[in-house]
Amino acid sequence: MINLLGSDRGMLADYFLARGERSFRADQVVKWVHQQGITDFSAMTNLSKPLRERLAAEARVEPPVVIADTRSNDGTRKWLLRLADGNCIETVFIPEPDRGTLCLSSQVGCALNCTFCATARQGYNRNMDAHEIIGQVWLARRLVSEDGREPPITNVVLMGMGEPLLNFESVTRAISLMLDDFAYGLSRRRVTLSTAGLVPGIDRLREECPVSLAVSLHAPSDRLRDELVPLNRKYPIAQLLDACRRYAAAAPRTRITFEYVMLDGVNDAPEHARQLARLLADVPAKVNLIPFNAFQGVRLRRSEPEAIDRFRDVLLEAGLMTITRRTRGDDIDAACGQLAGRVLDRTSRTRRMRDPAPGGTA
Ligand code: SAH
């Protein structure tokens with residue numbers, strides 16, 4: 001049975017036209033589902049009774065199931081969500097005085113094997129469907145408004161589990177619902193996709209679904225980046241930055257965020273900062289320094305605060321807009337790179353997926 005939670009307005013219009021209905025039924029259903037949070041077709045009172053019955057017989061609106069709701073001392077919330085096949089993923093909500101940021105997962109696990117990321121240890125099971133991706137927004141919106149004390153969701157970042165550009169179709173369909181005024185009505189600036197650097201995917205995003213882009217750079221040389229982000233062997237830094245320049249050129253006045261995880265004694269020396277500043281000199285960039293978040297079984301360490309400040313100052317002096325990301329939710333393993341969920345059947349698929357083809361986006 002089709003799960004209409006993940007259908008955008010265009011798809012729903014096709015669905016209704018194919019059934020002899022007018023296309024504006026799509027507008028109505030999108031509003032019921034995403035603005036009113038209604039999943040029961042019989043409650044959609046502006047649809048005809050026969051249409052409601054037909055929908056009930058052949059479709060459903062089914063979000064993932066919340067199996068844990070954890071709250072950090074700093075107010076960050078993390079939900080463990082179970083998908084229909086038993087896999088679990090995590091979603092994080094970060095309230096701040098002036099905004100609420102929701103961090104979404106896009107794959108069950110991840111195949112990219114970045115050495116500093118907990119999700120990589122989980123292996124990879126599968127891409128998430130569009131209804132599972134937008135389902136995180138659907139659920140979070142309800143849970144956050146029930147709480148009453150929290151700010152509404154004003155920003156969405158695809159920075160949870162998985163590489164969103166390896167799941168292009170479902171991710172962009174979910175984004176089209178985030179941007180749709182009949183659904184969540186977020187502006188493109190407030191939806192950020194973070195990628196480990198899949199060059200063809202960045203180009204395709206520029207053409208088909210330009211939202212804010214964040215790139216996980218983490219190292220200023222191919223030699224070091226090959227180690228930290230193995231995808232770099234396929235798409236080295238020069239190619240990646242070319243794609244970033246194309247992306248920035250298509251969207252004037254916006255900057256690309258470059259994420260840089262601060263690892264003690266690995267990539268945090270002033271010389272690395274100087275190299276990074278040279279690399280980004282002609283890219284409309286801002287740099288986000290992320291103090292490394294540890295997890296079980298990892299030997300890497302977070303840079304000392306003085307090293308992070310020194311690194312930041314080198315970049316600022318070179319004229320680069322730079323901030324250090326405040327660590328949020330690490331007491332509940334909800335900080336960057338700590339998401340794990342529960343990935344089923346990971347060994348066989350991880351082996352098959354070890355070297356993901358860029359065709360994932362083609
Ligand atoms: N696959 C995408 C999105 C997921 S990761 C990407 O690579 O961008 C979201 C961000 O968290 C990335 O910048 C990632 O490099 C960073 N990250 C991963 N593990 C981390 C850790 N242990 N500590 C701090 N940041 C981490």
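Both ligands and their constituent atoms are indexed starting at 1 by order of listing. Computed from a prediction, not measured in an experiment: that's the story for all the values here.
- In Leu112, neither the side chain nor the backbone holds a heavy atom less than 4.0 Å from any atom of ligand 1.
- When each atom of ligand 1 is checked for a heavy atom of Cys117 under 4.0 Å away, the hits are 18 (C), 19 (N).
- By the 4.5 Å heavy-atom criterion applied to side chains, Leu205 and Thr195 are not counted as neighbours.
- Residue contacts with ligand 1: Leu158 is placed with no nitrogen or oxygen under 3.5 Å of a nitrogen or oxygen of the ligand (distance criterion only).
- Residue contact check for ligand 1: Gly160 places a non-hydrogen atom closer than 4.0 Å to it.
- A donor-acceptor distance shorter than 3.5 angstrom exists from the side chain of Ser145 to the backbone of Arg141, with no hydrogens or angles considered.
- Of all atoms in ligand 1, numbered sequentially from 1 with element shown, those under 4.0 Å from a heavy atom of Ala196 are 6 (C), 7 (O), 8 (O).
- With hydrogens and angles disregarded, a donor-acceptor distance shorter than 3.5 Å links the side chain of Arg52 to the backbone of Leu47.
- Among all protein heavy atoms, the one lying closest to atom 2 (C) of ligand 1 is Ser194 O, 3.3 Å.
- Of all the atoms in ligand 1, the ones that sit under 4.0 Å from a non-hydrogen atom of Glu259 are 10 (C), 12 (C), 13 (O).
- Remark: ligand 1 and Ser216 share an N or O pair separated by less than 3.5 Å (distance only, no angle test).
- Residue-environment remark: CZ (Arg82) stays at or below the threshold of 12 foreign heavy atoms within 6.0 Å.
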Practice prompt. Assess whether side chain to side chain donor-acceptor pair (under 3.5 Å) is satisfied between Arg342 and Asn87, documenting all intermediate values.
Written response: CA-CA 6 Å; Arg342 191 190 304 149; Asn87 275 301; over 6 Å; no

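- For ligand 1 and Asn293, the ligand atoms under 4.0 Å from any heavy atom of the residue are 21 (C), 22 (N), 23 (N), 24 (C).
- A donor-acceptor pair under 3.5 Å links the side-chain atoms of Asn293 to the main chain of Cys336, judged by distance alone.
- The side-chain tip of Arg19 points at the ring of Tyr15 from less than 6.0 angstrom away and within 45° of straight on.
- Residue His218 places a heavy atom under 4.0 Å from ligand 1.
- The contact set between ligand 1 and Val261, taken as ligand atoms under 4.0 Å from a residue heavy atom, comprises 23 (N), 24 (C), 25 (N).
- Scanning the protein for heavy atoms near atom 5 (S) of ligand 1, the closest one is Met159 O, 3.9 Å.
- Checked against the 6.0 Å centroid criterion, the rings of His272 and Tyr260 do not qualify as a close aromatic pair.
- Contact between Gly162 and Ser106 at its shortest, heavy atoms only, is C-OG, 3.9 Å.
- At least one N or O atom of Gly162 sits closer than 3.5 Å to an N or O atom of ligand 1.
- If you check each of Cys114, Ala118, Cys336 against atom 21 (C) of ligand 1, the one with the closest non-hydrogen atom is Cys336.
- No side-chain heavy atom of His34 sits less than 4.5 Å from a side-chain heavy atom of Phe182.
- Among protein heavy atoms, the minimum distance from atom 18 (C) of ligand 1 is reached at Gly337 CA, 3.4 Å.
- Applying the 4.0 Å criterion to heavy atoms of Ile290 picks out, from ligand 1, the atoms 24 (C), 25 (N).
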